[in-house]
Number of protein chains: 2
Amino acid sequence: MSSRRRSADQPSRATITDVAREAGVHASTVSRALNPATRGMVTEAVAARVAEVAERLGWRPSTLAAGLRTRRSRSIGILVPDLVNPVFPPIVRAAEERLAEAGYVTFVANTDTDPTREAMIVERMAAHLVDGLMLASATETSRALQICERFGIPTVLVNRRQPGSRHGTVVHDDLRGMALVIAHLHGLGHRRIAHLAGPPGVSTASDRLRGFRAALTAHGLDAEAAPVVIAAAYSREAGRRAMEALLERGGFTAVASANDMLCLGIYDALEAAGLAVGRDISVTGFNDMPFVDRIHPPLTTVRIQHAEMGRCAADLLLAELVSGGQGEREIVLQPELVVRSSTAPPARS
Amino acid sequence: MSSRRRSADQPSRATITDVAREAGVHASTVSRALNPATRGMVTEAVAARVAEVAERLGWRPSTLAAGLRTRRSRSIGILVPDLVNPVFPPIVRAAEERLAEAGYVTFVANTDTDPTREAMIVERMAAHLVDGLMLASATETSRALQICERFGIPTVLVNRRQPGSRHGTVVHDDLRGMALVIAHLHGLGHRRIAHLAGPPGVSTASDRLRGFRAALTAHGLDAEAAPVVIAAAYSREAGRRAMEALLERGGFTAVASANDMLCLGIYDALEAAGLAVGRDISVTGFNDMPFVDRIHPPLTTVRIQHAEMGRCAADLLLAELVSGGQGEREIVLQPELVVRSSTAPPARS
DNA sequence: TTGTACGCGTTATCAG
DNA sequence: CTGATAACGCGTACAA
């Protein structure tokens, strides 16, 4: 017979009742003595004795049992599209750190940019009574946000906007980021610039596309005529395929990509086509994700504030958790152009 | 007044009692009808009616309430040292996928290779009644494993061994991996090979160091005389500092690194010293983490099976969850050498 | 200041 | 096959 280890031979963890019996007081008193918020309601001496017994018995509060009553769990869910994309880990880490300081644990999950999966995860998180949710995965049509609202779970968006949403949001000024890119390329002499756009429904993709077109116009270039190909996902493979399509079409000396991950695929496609990044075709990225300074040639890209984004989002969420729903602000961080060697004046040919 | 949204105006989610009332049966019957495992104990007709009502009322099981009784939560905790290290996300993703198929949610957390933090997280996970734990963070002296045993939580180790541990473990044959590296370097003509070792207490670090020495000896080289510097962490920065120390010491034409992350720092240090990777000093990594094929020069490294490791660990854990503690196996996967351009015959000088 | 009594949503164990 | 009842561990009005 397979007896559950936890129940049988193992010394099942001490409960508040055990502590009460041992300390010679009532369970409620123990609860009050051990809860920082209610400690004042109890005698100094009793509090000390209870604390001592609890310590000795190795008592740990059961988040579950507490949550059953309070409907809170001191935990926060963080949803990202794909942890394998190096943009997200730094954001998550920074948020996690800030939330931990405030006493919250964080649970991270991948959504694969799949709305169904995203909705399922939100439901599961809700079932675990997360106190708040941080979505780095929100698409412009995410059902997830409605679910959050239905359950009344405070939610903030990170690195993704949802137009018209009332949720706290932390993003970057992508239009300005693209303007920096185009100004740089224009300054190098490029006049025929292509855009490798991100997947549909993702706000960074559409914002950067808009920024691309606006910046071209601002420089007196024909935004309508500029080659644009949309990548199926923010992945290396999708970037390669999109770049192949762009190459077939031709008619450009530089390509401004919606994101660094795509650039890896762009490099792959250009290498396969026998073209040199920088010399033959200039390439720019977006995000300045880790390690792109070490790829060859080092990528000119737009730096976003990964850690700051995570911290701001955490603060926004924490504010909302205490104030009960005021944090409906949008924080827009400023990006910065980092010039490396993937951009150069256009080839003569 | 700040009324908690969840309680007041929001339609608090339907409970099993609501469904029971609506369906005209007892709550226990609802429980049985909706639980796949106990559905057989109930009439087909009743089951159907209950299911219909539950659907209509939007009933969702409360993991917490259920866990309070069953002491299970259908969730698994995954602990990694640092999600920013690209080795881990693919492992986590693969494990997550396999576990999700089996109906488990996964919670990921970073430990920062800090035993105290690791212990705290394990406790919190235990408080959330995770059914199992996957540790990619275990150091050779981790207290975390004892905590797991005390709580009776099934635990497996991934990408880390703990000597003498009885836990299921999935690792690679690091000794063989190092042997492949040294054979490759030796074949190129290198005779003075240095090792940039990983941090103390980490099994991959000590295994690879042992493998390094054993392989040197096997090739008739003096293992004792070989320069070895220990990096403070598996990070780019620590790699740079360790490499600087190694350069001061000198006396080598190639350096075998314990891991790819360190190689980024090695590249930084060599660049700062005006040395060319490959031509002046050959460099090898370990892990074949994403993107190292695109750094300059592309890194010769040992490929490990990231996804397979995650899947195996998940299977091991699942087996243990159903059988109740048999999975005390150690799975050793085989690594593979990937030769790129960071290695070349030693410079003449 | 402390104890009593009850509820949170579900499952296990009996009876019927 | 179904209903009643008692847990699970904790928080919290209310009473003492």
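- Note on H26(B): every side-chain N or O is 4.0 Å or more away from OP1 and OP2 of dT2(D).
- For residues 37-64 of chain B, proximity to DNA chain D is found at M41(B), V42(B), T43(B), V46(B), defined as any non-hydrogen atom under 4.0 angstrom from a strand atom.
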Please list every donor-acceptor pair under 3.5 Å in which a side-chain atom of residues 24-33 of chain B meets a protein atom from a residue at least two apart or in another chain.
{"residue": "H26(B)", "atom": "ND1", "partner": "S28(B)", "partner atom": "N", "Å": "3.1"}
{"residue": "H26(B)", "atom": "ND1", "partner": "S28(B)", "partner atom": "OG", "Å": "2.8"}

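- Distance CZ (R74(B)) to C1' (dT11(C)): 15 Å, rounded to an integer number of Å.
- Rounded to an integer number of Å, the gap from L68(A) CG to dT12(D) C1' is 14 Å.
- Between the CH2 atom of W59(B) and the OG1 atom of T17(B) there is a distance of 11.0 Å, given to the nearest 0.5 Å.
- If you take CG of L34(A) and P of dT2(C), they are 13 Å apart, rounded to a whole angstrom.
- In this structure, the side chains of T113(B) and D82(B) stay at 4.5 Å or more apart for every pair of heavy atoms.
- Each side chain to side chain donor-acceptor pair (under 3.5 Å) pair with one or both residues in residues 33-49 of chain A, not counting sequence neighbours, would appear here, but there are none.
- No side-chain heavy atom of R160(A) sits under 4.5 Å from any side-chain heavy atom of L135(A).
- Annotation: side chain to side chain donor-acceptor pair (under 3.5 Å) contacts involving residues 98-111 of chain A, sequence neighbours excluded, comprise R98(A)-D315(A), N110(A)-E96(B).
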Which protein N or O atoms sit under 3.5 Å from an N or O of nucleotides 14-16 of chain C?
none

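- Protein atom CG of D18(A) is 13 Å distant from nucleotide atom C1' of dC10(D), rounded to whole Å.
- Between E140(A) and R161(A) there is no salt bridge, since no side-chain N of the basic residue sits under 4.0 Å from a carboxylate O of the acidic one.
- Contact of the V156(B) side chain with the E320(B) side chain is registered, since non-hydrogen atoms from C-beta on lie closer than 4.5 Å.
- In this model, no side-chain donor or acceptor of T70(B) finds a partner on the base of dA12(C) within 3.5 Å.
- Within 6.0 Å of CZ in R143(B) there are 12 or fewer heavy atoms belonging to other residues, nucleotides or ligands.
- A donor N or O paired with an acceptor N or O is not found under 3.5 Å between the base of dT10(C) and the side-chain atoms of R69(B).
- Across V80(A) and S137(A), no two heavy atoms sit closer than the pair C-CB, 4.0 Å.
- A salt bridge between R93(A) and D112(B) is present, with a side-chain N of the basic residue lying under 4.0 Å from a carboxylate O of the acidic one.
- A close approach under 4.0 Å does not occur between any side-chain nitrogen or oxygen of T17(A) and OP1 or OP2 of dG9(D).
- Distances shown here put every side-chain N or O of T29(B) at or beyond 4.0 Å from the OP1 or OP2 atom of dT2(D).
- Atom C1' of nucleotide dC8(C) and atom CD1 of I16(B) are separated by 14 Å, given to the nearest angstrom.
- Rounded to 10°, the angle separating the first-five-pair axis and the last-five-pair axis of the helix from dT1(C)-dA16(D) to dG16(C)-dC1(D) equals 40°.
- Other residues, nucleotides and ligands contribute at most 12 non-hydrogen atoms within 6.0 Å of the CD atom of E97(A).
- In this structure, CZ of R71(A) is placed 14 Å from P of dT12(D), rounded to the nearest angstrom.
- Distance N35(B) CG to dA12(C) C1': 12 Å, rounded to the nearest Å.
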